[in-house]
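See below for the structure under consideration.
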Amino acid sequence: MSCVDTVMELRSVSYQYLGRFPALDGVSFTVGRGERVALLGANGCGKSTVLKVLDGLVFPDRGSYDAFAVPVTEDALEDDQFVTAFRSRVGFVFQNSDAQVFSPTVREEVAFGPLQMGLDSPDVERRVDDVLAMLEIAHLADRAPHQLSGGQKKRVAVASVLVMNPEVLLFDEPTAALDPRAQQWLVALIAELHASGKTIIIATHDLDRLEAIADRCIVFSEDHELVADGPTRAILDDVALLQRVNLVHDHAHVHAQEPAHRHLHGRGHHQLAG
Ligand SMILES: Nc1ncnc2c1ncn2[C@@H]1O[C@H](COP(=O)(O)OP(=O)(O)OP(=O)(O)O)[C@@H](O)[C@H]1O
Ligand SMILES: [Mg+2]
């Protein structure tokens, strides 16, 4: 039985794309309200797939996923009432903003979700204005989103998610392709959202900013298994683990206790003390 504070729970989730490309293998974890969690692992380990499961975009082949203590299944998401509630509580900022922006103008893009929710026009306008101001993109309101720069598109994508005021925010590689100033801005925004009580789950391989964006890390191996789940500091200090999942190179950490190659094919679940 899950406790009151559990917002999301994956139980032994396995998933293969098209029934033959493995992406997740027996993954279990829970996320509590207000937590700030990073999903870590090398390219192709399954981070984006976890976020897609959490957003109800793909469904486990085996195992189960509950959000807010309710099973999230294909059937459940066919129910209009359920899908509207779920979509308003969970927001997803994609890895690739081009896949997320499609409206003729930034204003329409950001208004799309609230209008879908059935909010009336004055309320939508007010929300959109607030979010555009908050993300410092009011001056882009009448521009075409697909013509904006990568960093501007990212802000629009974040705006279109925040305008819904979701409880849970899923970010896929949020700082990738942003310049240093924009990265700093996004890290600060994530901290602010966390402080305001949001639950935040971020897929990343940016180890440098990890402590600024997450208190807990869930680590995936290249064979799509969850291999560690613990406080960010403990994960960062576990050089052998980071080498084993190919997040750091052998030569990058001269203080490693053992050469990385000994760990490459090792398995086992590191349970790190909280
Ligand atoms: N649409 C798809 N069709 C087939 N296989 C896919 C698809 N999307 C992902 N995969 C495969 O699933 C596995 C996990 O992919 P996923 O995108 O979740 O990894 P990731 O950890 O997010 O990687 P990255 O760091 O490169 O973003 C990979 O082996 C990938 O090739
Ligand atoms: Mg990814």
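First listed ligand is number 1; within each ligand, the first listed atom is number 1.
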Exercise. Answer yes or no for Ser48: is there an N/O/S atom below the 2.8 Å cut-off from the Mg ion (ligand 2)?
Key: yes
Practice problem: Look at the N, O or S atoms of Gln95, main chain and side chain alike, and state whether any lies under 2.8 Å from the Mg ion (ligand 2). | Solution: yes
Exercise. Report yes or no: does Asp66 contribute a side-chain atom to a donor-acceptor pair with the main-chain N or O of Ala69 at less than 3.5 Å?
Key: no
Quiz item: Within the side chain of Gln152, is there an N or O that forms a donor-acceptor pair under 3.5 Å with the backbone of Ser149?
Solution: yes
If you count the atoms of ligand 1 from 1 in the order shown, which ones are under 4.0 Å from a heavy atom of [X]?
{"X": "Ser48", "answer": "17 (O), 18 (O), 20 (P), 22 (O), 27 (O)"}
{"X": "Glu173", "answer": "25 (O)"}
{"X": "Thr49", "answer": "14 (C), 15 (O), 16 (P), 18 (O)"}

Quiz prompt | atom 31 (O) of ligand 1 protein-contacted, heavy-atom criterion under 4.0 angstrom | solution = no
Could an N or O of ligand 1 be found under 3.5 Å from any N or O of [X], whether backbone or side chain?
{"X": "Ala23", "answer": "no"}
{"X": "Gln95", "answer": "yes"}
{"X": "Cys45", "answer": "yes"}
{"X": "Lys52", "answer": "no"}
{"X": "Gly46", "answer": "yes"}

Self-check item: More than 12 heavy atoms of other groups within 6.0 Å of Arg233 CZ
Solution: yes
Under a 4.0 Å threshold between the charged nitrogen and the carboxylate oxygen, would [Y] count as salt-bridged to [X]?
{"X": "Asp123", "Y": "Arg126", "result": "yes"}
{"X": "Glu9", "Y": "Arg11", "result": "yes"}
{"X": "Lys47", "Y": "Asp172", "result": "no"}
{"X": "Glu136", "Y": "Arg155", "result": "yes"}

What is the nearest protein non-hydrogen atom to [atom], stated with its residue, atom name and distance?
{"atom": "atom 1 (N) of ligand 1", "result": "Tyr17 CD2, 3.8 Å"}
{"atom": "atom 25 (O) of ligand 1", "result": "Lys47 NZ, 2.8 Å"}
{"atom": "atom 28 (C) of ligand 1", "result": "Gly44 O, 3.4 Å"}

Quiz item: Which bit of Pro22 is near ligand 1, meaning a heavy atom under 4.0 Å away: side chain, backbone, both or neither?
Solution: backbone
Exercise. I would like to know whether Asp238 and Arg244 meet salt bridge (Lys or Arg N to Asp or Glu O under 4.0 Å); could you show each step before the answer?
Key: CA-CA 10 Å; Asp238 193 342; Arg244 184 155 59 86; over 6 Å; no
Exercise. Before giving the answer on ring-ring contact (aromatic ring centres under 6.0 Å, His included), spell out for Phe92 and Phe171 the whole-Å C-alpha distance, their side-chain angles and the decisive distance to 0.1 Å.
Key: CA-CA 6 Å; Phe92 189 0; Phe171 288 97; 9.3 Å; no
